[in-house]
K.L.:
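Quick one: the structure is below, and I'll ask about it shortly.
In what follows, every heavy atom counts, from backbone to side chain, and hydrogens, waters and symmetry copies are set aside. Order of listing sets the numbers, starting from 1, for every ligand and every atom in it.
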Amino acid sequence: MDAAEPPRLIRLENQIQPYAWGSRSAIPALLGVPENGKPQAELWLGAHPVAPSRVPGGRALGEWLAEDAGARLGAKTVERFGAQLPFLLKVLAAAEPLSLQAHPSLEQAKAGFAREEEAGVPLTAPHRNYRDANHKPEIICALTKFEALCGFRSIAETVRVLDAFGVDPQLLRERGLRAFFERVMTDKSLRLTTPAAGTFDKEAALVKKLSAKYPGDVGVLGALLLNHLTLEPGEALYLGAGNLHAYLEGTGVELMANSDNVLRGGLTPKHVDVAELLSVLEFTDGPPRVLKPNARGEYETPAPDFRLSRIELRGEHTFESGLPQILLCVEGGATELPKGASVFVPATERVTLKGEATIFRATPGL
Ligand SMILES: [Zn+2]
């Protein structure tokens, strides 16, 4: 390689978010570094201003990308999203449940952001709902067994669960899920009884776990209304706008639009805004689709902002797309990409890796 030629793979230095629910061991184990005794909840790979990845020399990825957007992000991405990376990739390591939450659509985010700007709510205020004007669809792909609550159970199943926990399902039967959920989230007088042992054990264990941490929280009954799944490694869930969800435990790779817009309904010490959450929720019911990668390793979702792929490298693989890419090695190792390492690949580059490895790849979904 000519000495003046720029490197084809840009090694990333990434930041870790030490949120209290984080595992102390999972992210250090992935990165091959000692634990520091503190929770390490999320590793952020991308250009989000809150915790940007850095390129060699120490500059923030976003700043470096904007400098030569045509070559680094590519014409297609710039045309659709402007001179910025449209996605944020994370490794999420949960030792404890995260909040009950949903994310807005693009229209809702634009309107919500404008409303809070108009009202003069500071961007960093704890009660700020919309920190940007973007939607935040996301996909979570399990690295370990990964337990999650996602979308409302079928009505028939919900009625059985409510009966078992001593909650009258009449309002649900008569006026539907939206009216019933509004009642659940606003009426603190609703009480749950414990079902007989041997029936609804999984649900009873969930209620016990959540109530121990958040006693009296309306989110405990809210959580009981959701599908409770355990993903196997490699399985994924796509969460579109308005999907109510909570991650409970496990390590996964998460890819999302470049946004921080979260509306919370409970199970958190952070800001909760039930009215705003209700205004964005989708009240469809039934089990969610568990996604598996297609023959090219891609998880198919409708999001234009991102596409996640999981590539089992056995020998040699060429990464080529005309799109900007972030590659992250989570298992094994490849030339120039050992376990735990991550790189940015400019849109104009074509990269061939050799080795035995599991590699996650993030690109725009264009
Ligand atoms: Zn979420």
K.L.:
Is there a donor in the side chain of Glu147 and an acceptor in the side chain of His228, or the other way round, less than 3.5 Å apart?
P.N.:
yes
K.L.:
Is the gap between the ring centers of Phe146 and Tyr247 under 6.0 Å?
P.N.:
yes
K.L.:
Using a distance threshold of 2.8 Å, what protein N/O/S atoms lie below it relative to the Zn ion (ligand 1)?
P.N.:
Gln101 OE1, His103 NE2, Glu138 OE2, His245 NE2
K.L.:
Between Phe344 and Trp64, what is the ring plane arrangement, given parallel below 30°, perpendicular above 60°, and tilted in between?
P.N.:
perpendicular
K.L.:
Using a strict threshold of under 4.0 Å (side-chain N to carboxylate O), is an ion pair present between Glu203 and Arg153?
P.N.:
yes
K.L.:
Parallel, tilted or perpendicular for Phe165 and Phe200, by the 30°/60° rule?
P.N.:
perpendicular
K.L.:
Can you pull out every salt bridge (charged side-chain N to carboxylate O under 4.0 Å, His left out) where at least one residue sits in residues 208-227? Sequence neighbours excluded, please.
P.N.:
Glu96-Lys213, Lys209-Glu249
